[in-house]
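First comes the structure, then the notes that go with it.
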Amino acid sequence: MDVTVKVRRFDPDVDNPEPYWQDFTVGIEDNATVLDALIKIREEVDGTLSLRCSCRSAICGSCAMRINGHACLACKTQVRGVVDEENNITVEPAGVMPVIKDLVVDFDLFWKKIEEIEPYLQPEGPEPETEYIASSESMLHLSGVTACIMCGACVSDCTVLEVDPSFLGPAALAKAYRFTADPRDGDASGASTDRLEKLGAPSGMWDCTRCAECVQVCPKGIAPMDRIMALRDQA
């Protein structure tokens, strides 16, 4: 099938760089992904097109970008599922984060948010005589959170981060829930009080507007907004 990919491009090396749109029409297989189409464009049409990709198996998260206005993994998104009636697709770099070139964005903001979460358990009360015990049920629950591949799709489409860069963001708050929901964090009554107090500070969990964009775009079904609501319940 022939498909026209409308790519939002940006080249920082030209004078007075400004984003612009460029259309590419390529022939692809019926089962091709958006990443397949972009790679074909780069290899056969325009070698200057910049994008990130690696595993092509929805594991590494490198190819997160906006497709038809919403963040997706290009390697997981089949062309036939997103083309319009005229076989057009719109592809843009991920949102919120600064664009380096074409579809490549600077992830510094994403990682700084992640680094704000203390990445260790904070048990309170007397130490057990042997080891800290976590039930299989609780660990199975946490496995849904730890499936995050750090692709940044939720951050890309977060409507709060779009207007308030100080917000912790859905990825970082979902990571925080991984610890607060662990029965080994805090005391027998629940999560670490100190941790919840920090997460409840301005720009923390209470700033989420519950738009559900992060739930819609997460390629692993982690549902960050639901984790944020659970953090609020704990608080």
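Only heavy atoms go into these numbers, but all of them, side chains included; no hydrogens, no water, no symmetry mates.
Judged purely by atom type and a 3.5 angstrom limit, Asn68 uses its side chain to pair as donor or acceptor with the backbone of Val82. When atom types are taken as modelled, the side chain of Ser57 and the backbone of Cys55 share a donor-acceptor pair closer than 3.5 angstrom. The closest donor-acceptor contact from the side chain of Thr146 to the backbone of Leu142 lies under 3.5 Å. Lys220 contributes no side-chain N or O that, together with a main-chain N or O of Ile149, makes up a donor-acceptor pair within less than 3.5 Å. In this structure a side-chain-to-backbone donor-acceptor pair under 3.5 Å is present from Asp157 to Ala71. Looking at Lys175, its side chain never comes within 3.5 Å of a backbone N or O of Glu118 through a donor-acceptor pair. Side-chain atoms of Ser156 come within 3.5 Å of backbone atoms of Gly95 as a donor-acceptor pair (strictly under, hydrogens ignored). Side-chain N or O atoms of Arg227 include none that pairs as donor or acceptor with a backbone N or O of Leu173 at under 3.5 Å. Looking only at distances, no side-chain donor or acceptor of Asn87 sits under 3.5 Å from a matching main-chain atom of Val3. Distance alone, capped at 3.5 Å, places no donor-acceptor pair between the Lys6 side chain and the Gln22 backbone.
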Apply side chain to side chain contact (heavy atoms under 4.5 Å, CB included) to the pair Trp206 and Arg232, showing each step before the final yes or no. CA-CA 7 Å; Trp206 300 104; Arg232 292 181 179 183; 3.6 Å; yes
Working note: Asp23 + Val5, criterion side chain to side chain contact (heavy atoms under 4.5 Å, CB included); need CA distance, chi angles, decisive distance, verdict. CA-CA 6 Å; Asp23 294 359; Val5 185; over 6 Å; no
Show, in sequence, the C-alpha distance, side-chain angles and deciding distance for Arg195 and Asp185, and conclude whether the salt bridge (Lys or Arg N to Asp or Glu O under 4.0 Å) test is met. CA-CA 9 Å; Arg195 188 194 298 277; Asp185 194 66; 3.0 Å; yes
Audit row: Arg56, Asp36, salt bridge (Lys or Arg N to Asp or Glu O under 4.0 Å) steps and yes/no: CA-CA 9 Å; Arg56 302 181 72 169; Asp36 291 331; 2.4 Å; yes
Yes or no on side chain to side chain contact (heavy atoms under 4.5 Å, CB included) for Cys75 and Cys63, after CA distance, side-chain angles and deciding distance? CA-CA 7 Å; Cys75 71; Cys63 63; 3.6 Å; yes
What verdict does the side chain to side chain contact (heavy atoms under 4.5 Å, CB included) test give for Arg52 and Leu103, after you've listed the backbone C-alpha separation in whole Å, the side-chain angles of each residue and the deciding distance to 0.1 Å? CA-CA 7 Å; Arg52 284 193 182 114; Leu103 302 174; over 6 Å; no
Verify side-chain hydrogen bond (donor to acceptor under 3.5 Å, both in side chains) between Thr48 and Arg9, making sure each step is shown before the conclusion. CA-CA 10 Å; Thr48 67; Arg9 304 196 63 182; 3.0 Å; yes
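Counting only N and O atoms by type, the side chains of Ser166 and Ser203 include a donor and acceptor under 3.5 Å apart. Between the side chains of Thr33 and Thr77, not a single donor N or O lies within less than 3.5 Å of an accepting N or O.
In the hydrophobic cluster analysis, where Ile, Leu, Val, Met, Phe, Trp and Tyr join through side-chain heavy atoms closer than 4.5 angstrom, Ile228 is grouped together with Met150. Put simply, Phe167 and Val215 are part of the same group of oily side chains (I, L, V, M, F, W, Y) that touch within less than 4.5 Å, one to the next. Criterion: ILVMFWY side-chain heavy atoms under 4.5 Å apart, direct or through other members. Under it, Met65 and Val96 are not part of a common hydrophobic cluster. Placement of Leu51 and Ile28 within a single hydrophobic cluster is found when ILVMFWY residues are connected by side-chain heavy-atom separations under 4.5 Å, directly or transitively. Placement of Val105 and Leu38 in two distinct hydrophobic clusters is found when ILVMFWY residues are connected by side-chain heavy-atom separations under 4.5 Å, directly or transitively.
Closest heavy-atom contact between Asp11 and Lys101: OD1-CE, 4.0 Å. Nearest approach of Pro170 to Val155, heavy atoms of both residues: CG-N, 4.1 Å. Among all heavy-atom pairs drawn from Val160 and Asp207, the shortest one is CG2-O, 3.6 Å. Smallest separation of non-hydrogen atoms from Ile117 and Ala172: CG1-O, 3.4 Å. Shown here for Ala134 and Met139, the closest heavy-atom pair between the two residues is CB-SD, 3.7 Å. Scanning all heavy atoms of the two residues, the minimum distance from Trp21 to Glu92 falls at CH2-CG, 3.4 Å.
Rounded to the nearest 0.5 angstrom, Gln216 CD and Cys154 SG are separated by 13.0 Å. Here Cys60 contributes atom SG and Leu73 contributes atom CG; the two are 8.0 Å apart, rounded to the nearest 0.5 Å. The line from CD1 of Ile39 to CD of Glu44 is 11.0 Å long, rounded to the nearest 0.5 Å. Separating the CD1 atom in Ile222 from the OH atom in Tyr177 is a distance of 12.5 Å, to the nearest 0.5 Å. Separating the CG atom in Leu109 from the CG atom in Asp106 is a distance of 8.5 Å, to the nearest 0.5 Å. Here CZ of Phe24 is found 5.5 Å from CG of Leu49. Values are rounded to the nearest 0.5 Å.
Taking the side chain as every heavy atom from C-beta outward, Met1 and Val79 approach each other to under 4.5 Å. No side-chain heavy atom of Pro123 sits under 4.5 Å from any side-chain heavy atom of Arg184. Ile89 has its side chain within reach of Ile67: a pair of non-hydrogen atoms, C-beta onward, lies under 4.5 Å apart. A 4.5 Å side-chain heavy-atom check between Gln122 and Tyr120 finds at least one atom pair inside the cut-off. The side-chain heavy atoms of Lys113 and Glu116, taken from C-beta on, include a pair separated by under 4.5 Å. Side chains of Pro93 and Phe10 form no contact here, defined as non-hydrogen atoms less than 4.5 Å apart. Put simply, the side chain of Met205 does not reach to within 4.5 Å of the side chain of Leu168, judged on heavy atoms. You'll find the side chain of Val83 stays beyond 4.5 Å of the side chain of Asn88, heavy atoms only.
Here Arg178 pairs with Asp182 in a salt bridge; the nearest charged N to carboxylate O distance falls below 4.0 Å.
Arg210 CZ: 12 or fewer foreign heavy atoms inside a 6.0 Å radius. By the neighbour-count criterion of 12 heavy atoms within 6.0 Å, atom CD of Glu29 is sparsely surrounded, having that number or fewer from other residues, nucleotides or ligands.
Just one residue in the list Cys53, Cys72, Ser62 forms a side chain to side chain contact (heavy atoms under 4.5 Å, CB included) with Leu35, and that residue is Cys53.
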